[in-house]
Amino acid sequence: MHLLILGGTTEARRLAELLAADHVPGLRVTNSLAGRVAAPRLPPGEVRVGGFGGADGLAAWLREHEVDALIDATHPFAGRISFNAARAAATAHVPLLALRRPGWVPVAGDDWREADSLEEAAQLLPGLGRRVFLTTGRMGLAAFADLTDLWFLVRSVDAPEPPHPPRMEVLLDRGPFTLDGERELLRRHRVDVVVTKDSGGAATAPKLTAAREAGVPVVVVRRPPAPAGVRVVAEPEQALAWLATRMSFPSAG
């Protein structure tokens, strides 16, 4: 059996690790990474890097490499590949499962302002603060490039390229982040507003707690729509159980 994991996330790596630990006879696992990060954390198993050429290209790859099951474990904001995966799986008649971490939910004390896009988030900022902690990654900084009166602390794995805000400090770092670290970051840089995508998960959630404790408003960019009709699970162990129904090996737990 050949499994293709569309990965690049913590959940995708965890699933690959579970499969590698089980040493399932007859199971071949290929992990596909988009290649947008210069030095990605590689999962165990076969790894391919780069795109497929859209839904048609992915469908052709599924057929050519005799893929028996497809798991879309990409980032919640990698919307295009999820739609391509749904189309390709339907075309190639390959079972598809989406492994997607749940979104964040505000709790008492949070001051969240929701936006449907980075552009909408940028429009909200002048009324909220002057020193912005921007945690949306290096892609899409052009949406904030015209905000010349604001100062930005941009955290990303790789260095951003123009266009970007003119008053900007770049912090190259990769999660998971600690609550103490996020508290100190907000204090040291005198951050008075945070911008984030609703990525979900625990690795980058401490910034939300730190912002709540400091009374700092957070602009949260909503997730893009996901393909309809695709089964979704939240945990790698659930994906393993789904896969176990398609071949003979015991699921985790």
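The first residue of the sequence shown is numbered 1, and numbering continues consecutively from there.
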Parallel, tilted or perpendicular, judged at 30° and 60°: which one describes the rings of His75 and Phe77? tilted

Decide whether a cation-pi geometry holds between Arg155 and Phe177; the criteria are a distance under 6.0 Å from NZ or CZ to the six-membered ring centre and an angle within 45° of the ring axis. yes

query: Is any side-chain heavy atom of Thr209 less than 4.5 Å from a side-chain heavy atom of Glu213?
result: yes

Minimal heavy-atom distance between Val219 and Ala115, with the atoms involved, is CG1-CB, 4.3 Å

| said: For a side-chain contact (heavy atoms from CB on, under 4.5 Å) check, start with the C-alpha distance between Val94 and Leu96, then their side-chain angles and the critical distance, and finish with the verdict. | reply: CA-CA 6 Å; Val94 172; Leu96 169 64; over 6 Å; no

Next item on the list: Considering only NZ, NE, NH1 and NH2 on the basic side and carboxylate oxygens on the acidic side, decide whether Glu114 and Arg222 come within less than 4.0 Å.
Entry: yes

>> For Arg131, is there an ion pair with Asp192 - N to carboxylate O distance below 4.0 angstrom?
In response: no

Legend entry - Side-chain donor-acceptor contact under 3.5 Å, Thr30 with His2: yes

For Arg101 and Ser199, what are the C-alpha separation, side-chain angles and deciding distance, and is it a side-chain contact (heavy atoms from CB on, under 4.5 Å)? CA-CA 8 Å; Arg101 70 188 75 149; Ser199 300; 4.1 Å; yes

Any side-chain heavy atom of Ser156 within less than 4.5 Å of one from Arg174? no

CA sep, side-chain torsions, deciding dist, call: Arg138, Glu161, salt bridge (charged side-chain N to carboxylate O under 4.0 Å, His left out): CA-CA 8 Å; Arg138 65 187 178 93; Glu161 298 180 355; 5.3 Å; no

On a heavy-atom basis, the closest approach of Ala210 and Leu179 is N-CD1, 3.8 Å

Notebook entry, point to check: Is any side-chain heavy atom of Val170 closer than 4.5 Å to a side-chain heavy atom of Pro160?
Noted result: yes

Quick one, Leu33 with Leu6, criterion side-chain contact (heavy atoms from CB on, under 4.5 Å). Give me CA distance, side-chain angles, the key distance, then yes/no. CA-CA 7 Å; Leu33 306 180; Leu6 304 178; over 6 Å; no

Margin query: Within the 3.5 Å criterion, strictly below it, is a donor on Asp72 or Thr74 matched to an acceptor on the partner's side chain?
Written below: yes

Transitive ILVMFWY side-chain link Met139 to Leu147, under 4.5 Å: no

Under the criterion side-chain contact (heavy atoms from CB on, under 4.5 Å), I'd like the reasoning laid out for Leu4 against Val29: C-alpha separation, chi angles, the key distance, then a yes or no.
CA-CA 6 Å; Leu4 175 63; Val29 179; over 6 Å; no

Q. Side chains of Leu3 and Arg28: does their closest heavy-atom pair fall under 4.5 Å?
A. no

Please lay out, stage by stage, how Ser82 and Arg100 fare under the test side chain to side chain donor-acceptor pair (under 3.5 Å). CA-CA 11 Å; Ser82 293; Arg100 191 163 293 116; 3.3 Å; yes

With sequence neighbours left out, the residues meeting side chain to side chain contact (heavy atoms under 4.5 Å, CB included) with Pro44 are Ala16, Glu17, Ala20

